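Everything numeric here is computed off the predicted structure, so don't read it as measured data.
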Amino acid sequence: MSQFFCPDAAKVPANKKELFRYLGIRRVDTPDFQTDFMADKAIKDLSRIIMPRVVYDFFDLAVKEDVCSFYRNSQFCFEVRSKDLSRNLRDCTQAVLFAATIGPMVDTFIRRAQAAAPAEASVLQAAGAMFAESLVDLFNGEISAEQNKKGGSTKPRFSPGFGDVNLEVQKDFFRFLDCRKIGLTLMNTLIMAPEKSVTAFIGIQKA
């Protein structure tokens with residue numbers, strides 16, 4: 001059964017260095033005054049309208065060679081054939097599947113900016129990606145802390161579309177998680193709406 005993590009927007013931290021990374025600015029470089037100003041404005045604008053929502057569930061896991069099989073209540077759900085994911089989840093007995101979004105208002109705000117100020121829209125795109133990643137980091141930290149209390153540990157999260165994991169796997173997330181309750185849909189192109197959304201696996205190793 002799907003569970004939900006819905007922190008207050010103020011608890012999703014802004015990280016300007018990550019925003020610059022999404023813009024392609026290296027950490028060792030200093031952004032110009034205008035870019036720095038637009039970054040501050042983008043963070044301020046989006047922090048007012050983000051709606052952080054995560055839906056997730058725990059699945060039992062069996063990894064055999066390059067196949068990861070997922071079970072819920074002892075019932076087989078689906079499998080993923082992937083060397084990369086199998087390597088990531090090896091030695092795990094459970095996995096968390098989650099979908100996270102910062103809400104539809106961000107997409108609308110960025111679309112309006114694209115018509116009036118393309119440069120600002122690019123910075124807003126980066127800020128949206130940064131906030132989505134910050135939400136996922138916050139959720140990931142909650143799961144890791146919970147497992148640590150039980151004497152277990154978590155593996156680095158792994159998203160569909162990375163390595164050799166096909167984006168088709170998104171369909172399994174939407175089949176087994178109640179994504180509609182956080183306003184998240186999957187289009188025929190396998191792109192999610194709202195755009196600033198993330199799906200991923202988190203492997204769990206028991207003590």
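With contacts defined as side-chain heavy-atom distances shorter than 4.5 Å, the pair Leu19/Tyr22 does not qualify. Counting only heavy atoms from C-beta outward, the side chains of Phe162 and Leu85 never approach each other to under 4.5 Å. When side chains are defined from C-beta on, Lys181 does not count as touching Arg53, because their heavy atoms never get closer than 4.5 Å. Contact annotation: the side chain of Gln125 approaches that of Gln114 to within less than 4.5 Å [non-hydrogen atoms, C-beta and beyond]. Contact check for Leu61 versus Val63: side-chain heavy atoms found under the 4.5 Å cut-off. Residues Phe176 and Leu97 have side chains not in contact (no heavy-atom distance under 4.5 Å, counting atoms from C-beta outward). Contact annotation: the side chain of Leu177 approaches that of Asp57 to within less than 4.5 Å [non-hydrogen atoms, C-beta and beyond]. A 4.5 Å side-chain heavy-atom check between Met51 and Thr101 finds every atom pair outside the cut-off.
Contact record, Ser86 with Asp66: OG-C, 3.1 Å, taken as the closest heavy-atom pair. Between Arg90 and Gln205, the shortest heavy-atom distance links the atoms O-NE2, 4.2 Å. For the pair Ala99 and Ile182, the tightest heavy-atom approach, listed with the atom from each and the gap, is O-CD1, 3.6 Å. Across all their heavy atoms, Cys92 and Lys155 have their closest contact at SG-CG, 3.6 Å. Annotation for Leu46 and Gly128: closest pair CD1-N, 3.5 Å, computed over non-hydrogen atoms. Of all the heavy atoms in Lys16 and Ala39, the pair that sits closest is CD-CB, 4.0 Å.
For the pair Asp8 (side chain) and Lys11 (backbone), a donor-acceptor distance under 3.5 Å is absent. Checked by atom type and distance alone, the side chain of Asp29 never pairs as donor or acceptor with a backbone atom of Ile25 at under 3.5 Å. Checked by atom type and distance alone, the side chain of Asn88 pairs as donor or acceptor with a backbone atom of Pro156 at under 3.5 Å. Side-chain N or O atoms of Ser134 include one that pairs as donor or acceptor with a backbone N or O of Pro13 at under 3.5 Å. Using modelled atom types, no side-chain atom of Ser197 and backbone atom of Ala193 make a donor-acceptor pair closer than 3.5 Å.
Rounded to the nearest 0.5 angstrom, Asn188 CG and Ile191 CD1 are separated by 11.5 Å. Glu120 contributes atom CD, which lies 6.5 Å from atom CE of Met38 (distance to the nearest 0.5 angstrom). The OG1 atom of Thr185 sits 6.5 Å away from the CE atom of Met187 when rounded to the nearest 0.5 Å.
Checking Asp32 against Thr35 by side-chain atom types alone, a donor-acceptor pair falls below 3.5 Å. In summary, the side chains of Thr199 and Gln170 do present a donor paired with an acceptor at a separation below 3.5 Å, with no hydrogens or angles considered.
The number of heavy atoms from other shown groups lying within 6.0 Å of CZ (Phe76) is above 12. No more than 12 heavy-atom neighbours from other residues, nucleotides or ligands sit within 6.0 angstrom of NZ on Lys17. Within 6.0 Å of CZ in Phe4 there are more than 12 heavy atoms belonging to other residues, nucleotides or ligands. Within a 6.0 Å sphere centred on CE of Met1, heavy atoms belonging to other residues, nucleotides or ligands number 12 at most. Annotation: Gln34, atom CD; neighbour count of heavy atoms from other residues, nucleotides and ligands within 6.0 Å does not exceed 12.
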### Query
When you look at Lys83 and Glu65, which way does the side chain to side chain contact (heavy atoms under 4.5 Å, CB included) test go after all the steps?
CA-CA 8 Å; Lys83 291 182 179 180; Glu65 296 181 350; over 6 Å; no
#### Entry: Test side chain to side chain contact (heavy atoms under 4.5 Å, CB included) applied to Phe58 and Ile143, step by step
CA-CA 11 Å; Phe58 291 84; Ile143 294 296; 4.2 Å; yes
### Task
Show your reasoning for whether salt bridge (charged side-chain N to carboxylate O under 4.0 Å, His left out) applies to Asp60 and Arg72.
CA-CA 6 Å; Asp60 292 324; Arg72 193 161 58 182; over 6 Å; no
### Message
Test side chain to side chain contact (heavy atoms under 4.5 Å, CB included) on Phe173 and Phe98; report intermediate values, then the result.
### Response
CA-CA 7 Å; Phe173 282 76; Phe98 74 86; 6.0 Å; no
### Task
Starting from the C-alpha separation in whole Å, work towards a yes-or-no answer on side chain to side chain contact (heavy atoms under 4.5 Å, CB included) for Ile102 and Leu135.
CA-CA 8 Å; Ile102 56 172; Leu135 170 61; 4.1 Å; yes
### Task
Start with the C-alpha gap between Phe70 and Phe78, add the side-chain angles, then the distance that decides, and say whether ring pair (Phe, Tyr, Trp, His ring centres under 6.0 Å) holds.
CA-CA 6 Å; Phe70 297 86; Phe78 67 99; 4.7 Å; yes
### Task
I would like to know whether Tyr56 and Phe5 meet ring pair (Phe, Tyr, Trp, His ring centres under 6.0 Å); could you show each step before the answer?
CA-CA 8 Å; Tyr56 67 101; Phe5 175 70; 7.6 Å; no
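No continuous path of ILVMFWY side-chain contacts below 4.5 Å connects Phe158 to Val198, so the two sit in separate hydrophobic clusters. Linking Ile, Leu, Val, Met, Phe, Trp and Tyr residues whenever their side-chain heavy atoms come within less than 4.5 Å places Leu167 and Leu184 in a single cluster. One hydrophobic cluster, built from ILVMFWY side chains closer than 4.5 Å, holds both Val123 and Phe131. If you chain together hydrophobic residues whose side chains sit under 4.5 Å apart, Val165 and Ile202 never meet in one group. Both Ile204 and Val136 belong to a common hydrophobic cluster when Ile, Leu, Val, Met, Phe, Trp and Tyr are linked at side-chain heavy-atom distances under 4.5 angstrom.
Taking the charged nitrogens against the carboxylate oxygens, Asp107 and Lys196 have no contact shorter than 4.0 Å, which rules out a salt bridge. Classification of Lys149 and Glu146 as a salt-bridged pair fails, no side-chain N sitting under 4.0 Å from a carboxylate O. In this structure, Arg81 does not pair ionically with Asp164, as no charged nitrogen and carboxylate oxygen lie closer than 4.0 Å. Using a 4.0 Å cut-off between a side-chain N of Lys or Arg and a carboxylate O of Asp or Glu, Asp45 and Lys41 qualify as a salt bridge. Salt bridge present: Arg157 and Glu133 bring a charged side-chain N and a carboxylate O closer than 4.0 Å.
Note: Phe37 and Phe33 have parallel aromatic rings, judged against thresholds of 30 and 60 degrees for the angle between ring planes.
Taking the ring centroids of Phe59 and Tyr71, they lie at or beyond the 6.0 Å cut-off.
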